[in-house]
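To start, the structure under review is shown below, and the notes come after it.
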Amino acid sequence: MSSETAPAHNHGVSVATSGIRLAFGSNQVLRGVDLDVPAGTVACVIGPSGSGKSTLLRTVNRLVEPDSGDVLLDGRSVLSDNPDRLRQRVGMVFQHFNLFPHKTVRENITLGLIKLKGLSKDEAAQRALQELDRVGLAHKADVRPSHLSGGQQQRVAIARALAMDPEVMLFDESTSALDPELVKGVLATMADLAAEGMTMLVVTHEMGFARSVSQQVLFMDRGSVVEAGAPERIFDAPESGRLQRFLSQVL
Amino acid sequence: MDALNTIWSTFFDFDAMAKAFPDLLTVGLPNTLILAVSSGVLGTVLGMLLAVAGLSRHRWLRWPARVYTDVLRGLPAAVTILLIGVGFAPLGMLVWGPNPYPFGILALGLIASAYIGEIFRSGIQSVDKGQTEAARAIGFSGSAAMRLVIIPQGVRRVLPALVNQFIALIKDSSLIYFLGLLASQRELFRIGQDAAANTGNQSALVLAGLFYLAITIPLTHVVNAIDKRLREGRRIDAVDPDADDFDAEIVIAAGAPITIAKEEEAL
């Protein structure tokens with residue numbers, strides 16, 4: 001918001017959905033999903049491919065509009081808000097990073113700051129450097145994303161999202177496209193952010209991360225949340241057969 | 001031997017060439033370049049509008065763009081140039097007097113816009129959907145995402161095709177001789193052809209052809225150079241699109257909480 005840009009980010013606000021339903025044609029992708037992520041906590045969504053996890057994430061910032069149900073940020077419905085305004089409040093990180101290849105690392109971050117937040121070029125550049133510094137990549141500010149490793153690209157993508165001062169962060173399989181040795185650095189960045197009090201909704205296959213960083217784990221299958229609870233409960237005492245089967249396959 | 005001499009002097013009579021050279025250089029070459037560059041600019045601007053309209057969600061934008069493109073690409077350039085140059089001549093007479101030159105530019109530009117529109121459209125469509133998604137997720141509107149993120153990438157990818165189109169324009173600019181140009185407006189072809197007709201010797205036309213080649217051949221090498229640079233310079237597309245398939249192999253065992261260690265990344 002202001003240009004003094006203290007290094008600490010916004011503290012997160014709560015996110016909730018209720019009864020989210022969505023169909024693409026005859027394909028029921030979401031069948032009434034409820035979720036409640038209290039402010040400053042981390043919720044991980046796990047489940048097999050095609051279970052609707054990523055689509056659920058996209059309904060929160062309305063990249064996908066639900067057919068019915070509600071999305072609440074800080075306790076208030078956002079479905080009638082201007083979607084562009086809403087998305088400035090919600091940061092998102094993608095599986096394939098989606099950095100802008102025609103811009104430098106710095107410009108990737110300053111673009112939104114200048115065009116959407118109205119920062120001057122200098123203010124935006126300074127802000128970008130601060131964000132890059134916290135993900136350990138300030139020295140890469142002037143290179144193109146194609147010259148970075150996947151892990152570095154993803155950390156730039158996180159910095160880009162954080163520079164907009166989001167109140168909630170969404171992570172869509174943000175380490176799935178990375179080589180195994182690069183996963184750790186990205187997860188560490190995410191864990192730091194969680195420790196700072198950001199509200200995070202994380203679609204992931206990293207069960208170790210889900211267990212150690214999140215307060216809540218939701219298991220989705222075929223468009224519904226089948227089981228949800230504290231990570232210890234989900235991983236150590238899964239109740240439903242589907243979750244037991246899923247865990248036996250991924251662990 | 002006689003026949004060979006005749007052929008040689010018909011095409012390569014250096015005296016005839018020397019006579020035509022000053023006009024080709026000082027009148028023909030500038031006119032050809034003016035015609036090609038101004039219709040190229042016009043065609044690029046209109047082409048971008050056509051591309052965006054052609055990709056629009058609104059049928060009443062998409063549809064006219066489609067029809068325009070199909071018609072102008074489907075007609076012979078000579079037909080379009082004559083229809084516009086002659087058809088609009090009375091209108092031009094009112095505005096700037098008896099001068100077909102602007103209509104030549106207009107006609108060439110309109111024809112080029114149909115091709116350039118398709119080039120831009122394919123470039124824009126080749127940009128990964130994730131780019132739009134990322135721009136929208138930051139908070140950009142659909143049109144801002146298009147303008148700031150998608151179009152700049154799409155245009156870069158089709159630069160070689162655009163230069164090719166400009167080469168075509170340089171050649172097609174010879175067609176506007178139909179419209180009856182003033183002596184000072186004649187482009188390369190017309191000057192060469194006039195000289196050939198006056199002397200019954202084709203050498204001036206050969207020289208005009210050499211002028212065209214002097215422009216177009218270097219440009220084709222520019223195309224190749226850009227093409228090569230684009231292909232070698234772009235590495236971001238190398239991300240595995242099927243990364244989902246090996247998700248299960250890289251999970252950290254749930255039994256072993258990860259240790260959070262920063263700055264460990266190898267690169």
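Chain letters run A, B, ... following the sequence lines, proteins first, then strands; residues in each count from 1.
Of the two parts of A:Arg160, only the side chain, counted from C-beta on, holds a non-hydrogen atom closer than 4.5 Å to a non-hydrogen atom of chain B. For chain B, no part of A:Arg89 is nearby; none of its heavy atoms comes within less than 4.5 Å. No part of A:Val93 comes within reach of chain B, as not one of its non-hydrogen atoms sits under 4.5 angstrom from that chain. For chain B, no part of A:Arg62 is nearby; none of its heavy atoms comes within less than 4.5 Å. Looking at B:Ala135, the atoms closer than 4.5 Å to chain A (heavy atoms on both sides) sit in the backbone and in the side chain alike.
One finds the OG atom of B:Ser141 at 11.5 Å from the NZ atom of A:Lys115 (value rounded to the nearest 0.5 Å). Atom CG of B:Leu148 sits about 7.0 Å away from atom NZ of A:Lys103, to the nearest 0.5 Å. The CG atom of A:Asn61 lies 8.5 Å from the CD atom of B:Glu133; values are rounded to the nearest 0.5 Å.
Here the shortest heavy-atom pairing between A:Phe94 and B:Ala137 reads CZ-CB, 3.8 Å. For the residue pair B:Ile138 and A:Leu116, the shortest heavy atom distance occurs at O-CD1, 3.8 Å.
The closest side-chain heavy-atom distance from A:Asp84 to B:Arg136 is below 4.5 Å. Residues A:Leu111 and B:Val149 form a side-chain contact, since some pair of their non-hydrogen atoms from C-beta on lies under 4.5 Å apart.
Panel note: side chain A:Gln88, backbone B:Phe140; no donor-acceptor pair is recorded below 3.5 Å.
For OH of B:Tyr68, the number of neighbouring non-hydrogen atoms (other residues, nucleotides, ligands) closer than 6.0 Å is greater than 12. The neighbour count for A:Arg85 CZ, taken as heavy atoms of other residues, nucleotides or ligands under 6.0 Å away, does not exceed 12.
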